[in-house]
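Shown next, in structure tokens, is the structure this report addresses.
By convention in this document, chain letters (A, B, ...) are assigned in the order of the sequence lines, proteins followed by strands, and residues within each chain are numbered from 1.
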Number of protein chains: 2
Amino acid sequence: MTRQVQSDDRAAARPLRKRREEIVDAAARVFAERGYHGASTQDIADLLGMRQASLYYYFESKEAALEEVCARGTAGFVETAEAILKNGSSAEERLRALLAAHIKPLGDRADYMLTFLNERKWLPRESRRRVGRLSRRLEAIFERVIREGMRNGEFRADLNPRLTTLALLGMMNSVAIWHHRENVTLDRIADTLADLVLRGAASDA
Amino acid sequence: MTRQVQSDDRAAARPLRKRREEIVDAAARVFAERGYHGASTQDIADLLGMRQASLYYYFESKEAALEEVCARGTAGFVETAEAILKNGSSAEERLRALLAAHIKPLGDRADYMLTFLNERKWLPRESRRRVGRLSRRLEAIFERVIREGMRNGEFRADLNPRLTTLALLGMMNSVAIWHHRENVTLDRIADTLADLVLRGAASDA
DNA sequence: CAACTCTTCTATAGACCTATAGAATATGTG
DNA sequence: CACATATTCTATAGGTCTATAGAAGAGTTG
């Protein structure tokens, strides 16, 4: 079916892999802008200056392209979060690091994240489950840090770790939608959100 | 073009208006579940047990149905928020009320809100601008309450009102996505989020 | 340059999907 | 019941979209 995998992958597979990269990039951008169902394979081809049918040399289907984009939209998140879980000292420090790590990729992979966030629901059953599991692992890490902070007295004991996690993730994911339009750096956004969540809006007095 | 508006609207227009209601409801549900582009007019008709073409007796186009759903998804939000702005006593009280008012409609109009939040970007130019203006008015109200709280000392003076508003709205809107799956009442969610935003996660000590 | 492989192209099948036209049915009224 | 109007139906035009088949061009190697 696919001829991509060849015995010789020094001369042959390299350019193919690079071109594939460009195509996934284009797909991510188009999916992020118009949504999976609103985007046509023609749109992707237009962005690359190639013919619609030529895309099928690289991808089996439009759905397969979405899978690839979503996979890259989640790549590394859980691993980074798990590293933070191990390395941090205080719960506050860990929560700040988790937040920053979640927001940072918006700098160079916004299209992938946006596509993952908004379009993953259209993935076929199997891969939808796979990314669902990843999401749940990430949520679990946030919850764990929150519980840890509650236990050691850093955080209020009456927090609801589950709702706090969901609120945090909702807040952070919304950054993907609006950060373009606002004239602030992602670092500043991450700091501001962390301050808000940790210290609250009310004055300390 | 449309025969809906007639001289006699006691006997004739009433049932029409009621049926129209049912159809908008079905459209909201289908749009919320599958997205505007992922949903077909056939899907809407199926939900109502009627023929696809019959929908066009009530709506000029699929787009017009989206406009109607989005209009209802925003109806009352700004008015309610403006009333809160007038009636509240403290900034904290007002912020809590704004938050509760934003979350409450998820109880009986989740499909409308979800469609508005996720699908408004596919609205035609004109109505997209209209709902855009509504959004901005709502954001302005949040910002105003935050600034007011900063001025009178209730809130920290180093808050960023704009980012805080966007974070808050992002957090609240995410509730539309996950509240179904969690076993908590909307009231409890509203309270928890308000506590988080006002007091923060850190212990008071 | 001939043969081979890789990449892109043209052309199109076949499956939707929106929207329109006009017939049929249901509902209400004199 | 006869007539009028409101609602839904059948049928389909016309457009778009994904995906396939097979030809053409580009690049490489003996």
(Q) The criterion is side-chain contact (heavy atoms from CB on, under 4.5 Å); which residues satisfy it with V24(A), sequence neighbours excluded? (A) F59(A), E68(A), V69(A), R72(A), Y112(A)
Q. Is it true that the side chains of S135(B) and R120(B) contain a donor and an acceptor less than 3.5 Å apart?
A. yes
Q. Is it the case that more than 12 heavy atoms not belonging to R109(A) sit under 6.0 Å from its CZ atom?
A. yes
Q. Quick one: do E139(A) and R136(A) make a salt bridge, cutoff under 4.0 Å?
A. no
**Q.** Any residue meeting side-chain hydrogen bond (donor to acceptor under 3.5 Å, both in side chains) with E148(A), in chain and number order, not counting sequence neighbours
**A.** R94(A)
Q) Could you state the OH-P distance from Y57(B) to dA6(D), rounded to the nearest angstrom? A) 6 Å
Q. Rounding to a whole Å, what distance do you find between F31(A):CZ and dC17(D):P?
A. 13 Å
Q: For R129(A), check side-chain hydrogen bond (donor to acceptor under 3.5 Å, both in side chains) against everything at least two apart and list the hits.
A: none
Q.
For DNA chain D, which residues of residues 41-56 of chain A approach it to below 4.0 angstrom with any heavy atom?
A. T41(A), Q52(A), A53(A), Y56(A)
Q) Counting just side-chain N and O atoms, does R19(B) come under 4.0 Å of either OP1 or OP2 of dT8(D)? A) yes
Q) Of the nucleotides dT8(C), dT18(C), dT18(D), which has the atom closest to the K62(A) side chain? A) dT18(D)
With a cut-off of 3.5 Å and sequence neighbours excluded, list every side-chain donor-acceptor pair involving residues 97-108 of chain A.
{"unit_1": "H102(A)", "atom_1": "NE2", "unit_2": "N173(A)", "atom_2": "OD1", "d": "2.9"}

Q: Would you kindly give the CH2-to-P distance between W122(A) and dT18(D), to the nearest whole Å?
A: 16 Å
Q.
Considering every strand and a 4.0 Å limit on heavy-atom distances, what is the contact class for A39(A): base, sugar-phosphate, or nothing?
A. sugar-phosphate
Q) For the pair made of CZ in F59(A) and P in dT7(C), what is the distance, rounded to whole Å? A) 14 Å
Q. Do other residues, nucleotides or ligands put more than 12 heavy atoms under 6.0 Å from the CZ atom of R29(B)?
A. no
Q | Strand DNA chain C in bracket notation, Watson-Crick/G-U under 3.5 Å with | for pairs to another chain | A | ||||||||||||||||||||||||||||||
Q | salt bridge (charged side-chain N to carboxylate O under 4.0 Å, His left out) between K18(B) and E21(B), intermediate numbers included | A | CA-CA 5 Å; K18(B) 195 173 163 61; E21(B) 208 79 357; over 6 Å; no
Q. Among the nucleotides dA19(C), dT18(C), dA19(D), which one has an atom lying closest to any side-chain atom of S61(B)?
A. dA19(C)
